[in-house]
Amino acid sequence: MNGKFISIEGIEGAGKSTQLQFIADFLRSKGKQVVVTREPGGTTVGEQIRNILLEPAEQPMSEDTELLLMFAARAEHLQQVVKPALQRGDWVLSDRFVDATFAYQGGGRGVCERRIAALADWTLQGCHTDITFLFDLPVALGQLRVDQRPQQRDRFEQEQQAFFERVRQCYLARAQAEPGRIKLIDASQTVEAIQYQLQQPLEQLLSNESND
Ligand code: Z5A
């Protein structure tokens, strides 16, 4: 793969979407072609799966169905968007990727990590992010931010605080296990302070690329 692959992760209200444009603009100002995308979604099929996953429903979705739908959307995303872009030498910036599955389906829902890892091996086939920014903040602060938005809460946003605490702890454990790839960002700070935190790792990745 010639390009670089970046994902952004975090619990609800962490401010990922707010900073996505900043990262894309920053990289474009350095002359990079940037593909901005998201999971679940990023393709026609993936966006249809996203609607199924996010829409609140009367009958609860089983954990296995949720897990497999996440990976079905991801398989499509990798084949149609991520891999072709990386092969062209573009930079891919994805709002969430596989770490979200370990955190939400693993940490949040309690699905066995080995089962997720097996699906990840099958689907990713070695396509990992170069950097993942983990936007971390206390769950209560994230929920406060989400409450201030006009949109209705989706199926995940309707979960209780304890669910998001488990998701957060799982993300933090992953960051501790892989500090080279997962960069912890203090997302409780102002928009400008977060942008400042993002710049150094991005500069580092740009410099690594020129040395490759
Ligand atoms: N999911 C999963 O379970 N498993 C998987 O494998 C994958 C996903 C890939 C949809 O994801 C759901 O899919 C997600 C996990 C699940 N559910 N949850 N929760 P999503 O990423 O599309 O949905 P989201 O997490 O709700 O993201 P979001 O709506 O885009 O929110 P955000 O990016 O974290 O925050 P934001 O929209 O940028 O900011 C939220 C508000 O805070 C907004 O009003 C901002 O103006 C404000 N804000 C942002 N930054 C700041 C700062 N620094 N200070 C103050 N206020 C701020």
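Ligands are counted one by one from 1 in listed order, and the atoms in each one are counted from 1 as well. Just so you know, these numbers use all the heavy atoms, side chains as well, and skip hydrogens, waters and symmetry mates.
The part of Gln105 lying near ligand 1 is the side chain, judged by heavy-atom distances below 4.0 Å. Within the 4.0 Å heavy-atom criterion, neither part of Ala103 lies near ligand 1. Contacts with ligand 1 closer than 4.0 Å are made by no heavy atom of Phe135, backbone or side chain.
Not a single heavy atom of Arg38 sits under 4.0 Å from any atom of ligand 1. Ligand 1 is approached by Gln189 to a heavy-atom distance shorter than 4.0 Å. Judged by the shortest distance from any of its heavy atoms, Arg50 lies inside the 4.0 Å radius around the atoms of ligand 1.
Close approach to Phe164 involves these atoms of ligand 1, each under 4.0 Å from a residue heavy atom: 19 (N).
Of the N and O atoms on the side chains of Asn208 and Gln204, at least one donor lies less than 3.5 Å from an acceptor on the other residue. For the residue pair Arg74 and Thr101, a side-chain donor N or O sits within less than 3.5 Å of a side-chain acceptor on the partner.
Ring pair Tyr104/Phe156 is perpendicular by interplanar angle, where above 60° counts as perpendicular and below 30° as parallel.
The residue from Glu113, Glu66, Arg115 that alone fulfils the side-chain contact (heavy atoms from CB on, under 4.5 Å) condition with Gln105 is Glu66.
Across the listed options Arg96, Gln195, Arg145, Gln158, Arg96 owns the non-hydrogen atom lying nearest to atom 21 (O) of ligand 1.
Both Leu93 and Ile185 belong to a single network of hydrophobic side chains, linked directly or stepwise wherever heavy atoms of I, L, V, M, F, W or Y lie under 4.5 Å apart.
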**OP:** Give the intermediate values and the outcome of salt bridge (Lys or Arg N to Asp or Glu O under 4.0 Å) for residues Arg145 and Glu12.
**Re:** CA-CA 9 Å; Arg145 288 184 186 170; Glu12 58 158 9; over 6 Å; no

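Protein heavy atom closest to atom 44 (O) of ligand 1, with residue, atom name and distance, is Arg149 CG, 3.5 Å. Of all protein heavy atoms, the one lying nearest to atom 26 (O) of ligand 1 is Glu157 OE2, 2.9 Å.
No more than 12 heavy atoms of other residues, nucleotides or ligands lie within 6.0 Å of CD in Gln33, so this atom counts as exposed by the packing criterion.
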